[in-house]
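Scroll down for the structure; my scribbles are underneath it.
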There are 2 protein chains.
Amino acid sequence: MDKFTIKDIAKLGEVSTATVSNFLNGNYTKMSVATRDKLAGIINKTDYHPSTTARNLAKNENKTIGVSVADITNPFTSPVISGLSERCEAYGYKMIFTNSNNDEQREIENINRLREEEVAGFIIDPVNPDSSIYNQLSNAYTVIVDRQARRSVVDTVVTDNMNSVATMVRKMVAKGYDDLYFVSWPLDGVSTRLNRYAGFKLATKYLNDDHLITVPYNTSLSQGSSFDATLDHILANKGDKRVGFFAMNSRTLLQLLKAAQRLNYQYAEDFGVATYEEFEWMQLMNPGISCVRQDSFAIGCAAMDRLKEKLTTAFDNEPAPEVQLIPTELVYRDSF
Amino acid sequence: MDKFTIKDIAKLGEVSTATVSNFLNGNYTKMSVATRDKLAGIINKTDYHPSTTARNLAKNENKTIGVSVADITNPFTSPVISGLSERCEAYGYKMIFTNSNNDEQREIENINRLREEEVAGFIIDPVNPDSSIYNQLSNAYTVIVDRQARRSVVDTVVTDNMNSVATMVRKMVAKGYDDLYFVSWPLDGVSTRLNRYAGFKLATKYLNDDHLITVPYNTSLSQGSSFDATLDHILANKGDKRVGFFAMNSRTLLQLLKAAQRLNYQYAEDFGVATYEEFEWMQLMNPGISCVRQDSFAIGCAAMDRLKEKLTTAFDNEPAPEVQLIPTELVYRDSF
DNA sequence: CTGTTAGCGCTTTCAG
DNA sequence: CTGAAAGCGCTAACAG
């Protein structure tokens with residue numbers, strides 16, 4: 001690679017480095033068009049590129065933002081990154097990327113590395129949004145995506161879990177489903193689950209948790225499981241009621257559908273169903289599954305927009321954290 | 001953020017900046033254990049972090065690699081990035097990330113931006129591996145992943161497309177399938193498609209392209225499409241022949257399966273099928289779909305390994321490009 | 001309009 | 001074992 005510095009091209013142009021610097025920064029008013037053209041020519045010829053490192057040091061600024069994602073493998077993550085990178089580019093920021101692989105410790109290391117890098121801001125898809133590490137990050141230059149802390153300490157952008165579910169479930173109610181159940185992993189204080197369930201209760205107006213069915217996280221159920229039993233119980237005794245299920249995400253939907261298959265119930269006929277999240281394979285199902293389609297790309301965009309906004313305003317003191325809700329798209333098919 | 005510099009902590013420690021620097025770089029032999037401990041204490045207390053920017057400038061090195069991916073949205077990409085980031089971390093590199101969104105022009109801009117950033121090396125998942133932009137990048141510090149140029153100019157790591165497909169299709173042949181078809185997006189000179197198809201021809205020994213079925217890229221087919229027509233034609237007139245399809249990737253598989261569904265053909269009974277790529281949902285299909293499981297994570301790892309290797313060896317002149325094939329895993333289920 | 005010069009925060013000889 | 005000082009490549013007053 002060329003080892004041209006600003007000095008070299010100053011020498012070639014027979015001007016001072018200051019003039020070259022001005023040229024590089026577009027301060028054309030400070031030089032004759034003659035030297036301006038000359039410089040332009042030289043720089044073109046030599047394929048000279050100023051060192052961003054030196055520039056950053058001199059200006060004491062760093063147009064890069066650090067991003068830490070909980071799990072790059074999660075299909076939710078890619079579109080978020082896509083949105084981020086689009087906006088980064090638009091705003092002239094580079095993004096340095098780290099993956100925590102769902103490991104809190106690693107996330108902490110990543111964040112620290114990013115701090116040493118002196119990034120201008122942070123975008124974080126947190127492993128655990130309630131972790132105390134986020135307290136060390138000022139809300140003046142960080143935003144969190146996807147998961148929401150119980151008590152947010154920094155700006156957060158998430159999908160509108162509650163209202164999406166409420167809308168979908170209301171649709172079920174309107175269609176005459178009068179015995180509805182929310183199928184979920186244990187709530188465990190996880191914001192996404194809690195908010196989706198809140199939407200369910202909002203729509204159904206159930207006052208207690210009798211209609212919450214919990215399936216274990218990350219274990220595959222089989223015949224005779226207690227889940228199968230409750231499912232069978234509900235469906236066998238439904239009488240005139242129309243029963244419907246809302247699955248909190250695609251994995252719980254899968255559990256539900258497989259159990260129903262084992263018990264020989266058919267959806268749309270024996271029960272209605274809808275789910276959060278959409279995946280390719282749902283298109284293959286017949287009838288099609290109604291679902292809540294999350295706009296992860298928009299989350300990425302919104303997060304970066306917010307960050308950019310914060311980065312370009314001078315705060316007297318740290319702004320109060322806000323949470324921004326990104327709307328979803330409801331896809332109605334024939335599963336209820 | 002703290003505005004501590006090396007001077008501040010030198011002052012606090014009543015030593016020179018040189019000593020602090022030595023401490024920071026682990027040159028403990030150059031100081032008494034007394035000052036060493038003192039410094040350790042101070043740095044801990046003050047939460048001082050040296051500026052990477054200044055350090056990079058002073059040492060004239062930059063432990064970051066630039067990555068440009070063709071399309072972050074492609075499910076293939078995430079595991080690659082995962083592998084990259086894992087290895088980057090292990091080797092002490094940061095990675096600055098750019099997405100080209102399948103746009104050649106944008107890719108060029110991204111690469112140029114990365115050059116200005118003075119990254120130590122490049123990992124590129126190219127939009128078009130035959131683009132001339134890659135000629136500007138020395139093979140001494142770049143490696144390409146996923147797509148292979150007709151005539152590679154830099155090291156490339158790809159999955160072993162041809163042999164994987166050949167092996168899978170041979171298995172179909174061995175099972176008695178004697179009328180096989182390759183379902184693909186238009187080949188369009190794309191190396192992955194060409195190589196997979198080459199594997200198919202290798203196994204089937206077909207000499208012409210009569211058994212290549214092309215589906216349009218990124219458009220969803222419906223009843224009455226010409227694809228439906230050819231499919232129906234093949235299946236309706238198969239007579240005693242056993243027909244099998246190999247789908248070039250999961251999206252074409254989906255097209256195939258959906259069309260078959262529309263036409264009321266069942267796989268494993270009316271035809272056999274296998275595919276490149278594996279996704280979660282394939283495990284739930286009944287019967288299970290035989291597939292070629294690509295190890296994208298390994299690609300990421302291998303790419304970074306190779307880059308690191310190059311970055312730490314001094315070349316007299318640019319090394320000759322090599323292509324590294326990452327083996328796949330064949331998963332046999334009951335779809336043929 | 002152009003040049004001089006003092007930094008930015010750290011590294012690295014070279015003396016002591 | 002420790003410090004002084006000269007850079008790394010660029011920017012930004014400030015003079016001229």
Side-chain angles (χ1 to χ4, degrees), chain A residues 1-40 42-43 46-64 92 94 113 115-120, chain B residues 1-40 42-43 46-64 92 94 113 115-120:
Chain A
M1 280 180 161
D2 324 273
K3 214 54 252 164
F4 273 102
T5 78
I6 200 173
K7 265 188 200 158
D8 297 320
I9 100 106
K11 203 159 293 171
L12 288 176
E14 294 174 309
V15 296
S16 74
T17 62
T19 305
V20 180
S21 174
N22 277 133
F23 177 88
L24 293 173
N25 291 287
N27 300 327
Y28 301 132
T29 61
K30 294 189 162 192
M31 73 197 66
S32 63
V33 318
T35 73
R36 171 175 169 176
D37 290 347
K38 185 165 56 177
L39 256 21
I42 296 180
I43 288 176
T46 56
D47 189 36
Y48 161 76
H49 290 276
S51 153
T52 330
T53 311
R55 177 178 299 199
N56 285 346
L57 182 58
K59 299 176 87 149
N60 190 27
E61 73 166 26
N62 193 345
K63 298 273 278 182
T64 103
K94 300 116 211 148
R113 229 191 312 276
R115 299 177 78 187
E116 288 182 23
E117 207 65 21
E118 294 163 313
V119 295
Chain B
M1 280 181 163
D2 324 272
K3 214 55 251 160
F4 272 103
T5 78
I6 200 174
K7 264 188 200 159
D8 297 319
I9 100 106
K11 203 159 293 172
L12 287 177
E14 294 173 309
V15 297
S16 74
T17 62
T19 304
V20 179
S21 175
N22 278 132
F23 177 87
L24 293 174
N25 290 288
N27 299 328
Y28 301 132
T29 61
K30 296 190 160 191
M31 73 196 68
S32 62
V33 319
T35 73
R36 172 176 170 177
D37 290 346
K38 184 166 55 177
L39 257 20
I42 297 180
I43 288 177
T46 57
D47 189 37
Y48 160 76
H49 291 276
S51 153
T52 331
T53 310
R55 177 179 299 198
N56 286 346
L57 182 58
K59 298 176 90 147
N60 189 27
E61 72 167 26
N62 193 346
K63 299 273 277 181
T64 102
K94 299 117 210 146
R113 227 191 314 277
R115 298 177 77 186
E116 286 183 23
E117 207 66 22
E118 294 163 310
V119 295

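Bear in mind the structure is a predicted one, so any value in this text is a computation, not a measurement. Proteins get letters first, then strands, A, B, ... in listed order; numbering begins at 1 in each. Quick note: numbers below take in every heavy atom, side chains included, and nothing from hydrogens, waters or symmetry partners.
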Chain B footprint on DNA chain C, 5' to 3' - any atom under 4.0 Å from a heavy atom: dG9(C) to dT12(C)
Report yes if a side-chain nitrogen or oxygen of S21(A) is closer than 4.0 Å to either non-bridging phosphate oxygen (OP1 or OP2) of dT11(D); otherwise report no. yes
Atom pair distance, as rounded to whole Å: NZ in K11(A) and P in dG9(D): 12 Å
Quiz question: by atom type and distance under 3.5 Å, do the side chains of S51(B) and E118(A) form a donor-acceptor pair? yes
To the nearest angstrom, the CD1-C1' distance between I6(B) and dA4(D) comes to 14 Å
What is the nucleic acid contact for Y48(A), judged by heavy atoms within less than 4.0 Å: base, sugar-phosphate only, or nothing? sugar-phosphate
Sugar-phosphate, base or nothing in reach of N25(B), heavy atoms under 4.0 Å: sugar-phosphate
From CD of E118(B) across to P of dG9(D) the rounded distance in Å is 9 Å
Scan residues 28-35 of chain B against DNA chain D and write down, sorted by residue number, each residue with any heavy atom closer than 4.0 Å; if none is found, say none. T29(B), K30(B), M31(B), S32(B), T35(B)
What is the distance, to the nearest angstrom, from the CG atom on N62(A) to the C1' atom on dC10(D)? 14 Å
Take the C1' atoms of the five end pairs on each side of the helix from dC1(C)-dG16(D) to dG16(C)-dC1(D), derive the two axes, and give their angle rounded to 10 degrees. 40°
Using a heavy-atom cut-off of 4.0 Å across all strands, would you classify N22(B) as base, sugar-phosphate, or nothing? nothing
Taking distance alone, no hydrogens or angles, what donor-acceptor pairs closer than 3.5 Å link side-chain atoms of residues 14-27 of chain B to residues at least two apart or in another chain?
unit_1, atom_1, unit_2, atom_2, d
S16(B), OG, A18(B), N, 3.3
S16(B), OG, T19(B), N, 3.3
S16(B), OG, T19(B), OG1, 3.4
S21(B), OG, N25(B), ND2, 3.4
N25(B), ND2, S21(B), O, 2.8

Strand contacts (DNA chain D) in residues 12-20 of chain A, 4.0 angstrom heavy-atom criterion: A18(A)
Rounding to an integer number of Å, can you tell me how far R55(A) CZ sits from dA12(D) C1'? 13 Å
Once you round it to whole Å, what is the distance between P of dG9(D) and CD of E61(B)? 14 Å
With sequence neighbours left out, what residues match E61(A) under side-chain hydrogen bond (donor to acceptor under 3.5 Å, both in side chains)? none
